[in-house]
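Below is one structure, written out as structure tokens, with a few remarks after it.
Counting starts at 1 for both ligands and their atoms, following the listed order. Atom set for the values below is all heavy atoms of this structure, side chains included, hydrogens, waters and symmetry mates excluded.
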Amino acid sequence: MSRAYSGIRETRPYTYNDMGGYSLVIAEDYQKKCLKTADRTFSQGLQCQQINSLSALISLEDSVFIVHSPQGCAGCVSMAADGYRVGQAHRGVKLIKSPRIIVTNLDQNDVIMGGEKKLREAVSLAVERYAPKMIFVFTSCASGIIGDDVDAITGDMQKDNEALLVPIHCDGFRSKICASGFDAAFIAIQKYVLSKERLPKQPGLVNLFAPTSISYKDQLEIERMLGLLGAEVNYIPFYSSPDKIRRITSAQVSTSICKVFADEFMKELDVSYGIPFAHTVMPIGVRNTDKWFLCIAELLGKGKQAREYIQREHDRILPQLADVKKRLQGKRVFICGGTGRSFAAAALIDDFGMELVGLETPTYDIDAQIDIEYLNGIHNNYVVDVANMQPFEQVNLVNRIKPDVFIGVPAWSARFGIPTTHVLDPKRATMGYDGILYLGNKIASQVENPGFNKKLSVYARLPYKQSWYESDAFKFIKTSVAKTGVISTSKG
Ligand code: SF4
């Protein structure tokens, strides 16, 4: 990228991965620039950035994805691959395809002798078997450690291939922030696909960057809303094609459905191609939908139309919310999710009169700070756990705080017998104004029907000793704002 961004999110100023404490303290310390970089002395696992690079591109048509790694690295892609198949079904595709993934299967010999031969064979196989327009090559910890020069190999093979070869540097060890994987994918697209061409501008064309987790219903709703502003939507890269990728440079403006996804890429498009962008929030809940829609509308010079539409939608939706509110008012909520969606959910629950008591999110940065400052104005002091996959901290906190409902991946908290649900629903409509009603009813339904989790709590035990539940949840975070013992069952 022309701004020389490395794609490693830790290099962005004031970005933190390991932190825990109360929201008011964190927000104040961040504001004063007093937060210190910390680390966990014990960690249960991290989501690898390679999976995000892969899942961002896996639904591209006419493409093959070569994972230059031992076999296990590609294992995590099964979830994204399943999402791709389900997404095709929702889009009315009759002959459902699986993504074309080839793993080079690096082994002990390759770690010593180098993996070049296997990579060359994989590229040749991809061409012979599928005749694709693009071949993406994803690096891994193993290929990075042994120093395979993937750029040189693909550059050399490009001379004899019509398919565009695109190396993506997503070695897992390069970053602890899994969103770096999105950046690695977009840096490669900029370098190998877009830099070669600059299409004429098309007024009204909007780049809409969407991560894999967006349902088809949500895609249709967001496209419909942008259509009200007279925009033509270039929905990318999910369920997209090499031609749609190439159209990126002809857009008038860009926006993203998730504030973490493509944010760096949109800055690059602004600098290199003069495409301004709207970077706000995920359009979930009344406040976020208003904000998201208005920001892109202002860029298109359609602020007045957007405000009129928002008012009509408030008149239609807010009376209907009253019933949901009656069922959820005052319920205490613990939220865990990706950065974009967890903050969106924390704003959403205010529509239902619910109270935020805990928030777990993978990263804390200036965008998180903006959201926390907003949330601190509507919720009481709540616990924040900045953690990329640390379920042991989550269970400690949930056990202490005892929320009325947990929103997020329920695998652990459900075993306490509390109602659990999530707002990440890749199969249904969660965004825009009608999405608010769907999510409200869904949360209320879970709160009112806790039977399954109650039974689960009897038969499925969590693997932790009582002593862990009595310990400070953040005891393994060193140089953190968390003060041992401050996380109590009270509201703080
Ligand atoms: S690239 Fe590294 S971190 Fe990612 S799955 Fe492979 S070994 Fe694990």
What protein heavy atom sits nearest atom 1 (S) of ligand 1, and how far away is it? Cys141 N, 3.4 Å
Looking at atom 7 (S) of ligand 1, what's its closest protein heavy atom, distance included? Cys73 SG, 3.7 Å
For a salt bridge (Lys or Arg N to Asp or Glu O under 4.0 Å) check, start with the C-alpha distance between Glu116 and Arg120, then their side-chain angles and the critical distance, and finish with the verdict. CA-CA 6 Å; Glu116 176 171 348; Arg120 285 181 179 272; 3.0 Å; yes
Applying ring-ring contact (aromatic ring centres under 6.0 Å, His included) between Tyr364 and each of Tyr16, Tyr14, Tyr30, report the one that passes. Tyr30
Run through Asp18, Thr363, Asn17 and flag the one making a side-chain hydrogen bond (donor to acceptor under 3.5 Å, both in side chains) with Lys176. Asp18
What orientation do Phe136 and Phe65 show, parallel under 30°, tilted 30 to 60°, or perpendicular over 60°? parallel
Atom 4 (Fe) of ligand 1 - nearest protein heavy atom and its distance: Cys48 SG, 2.3 Å
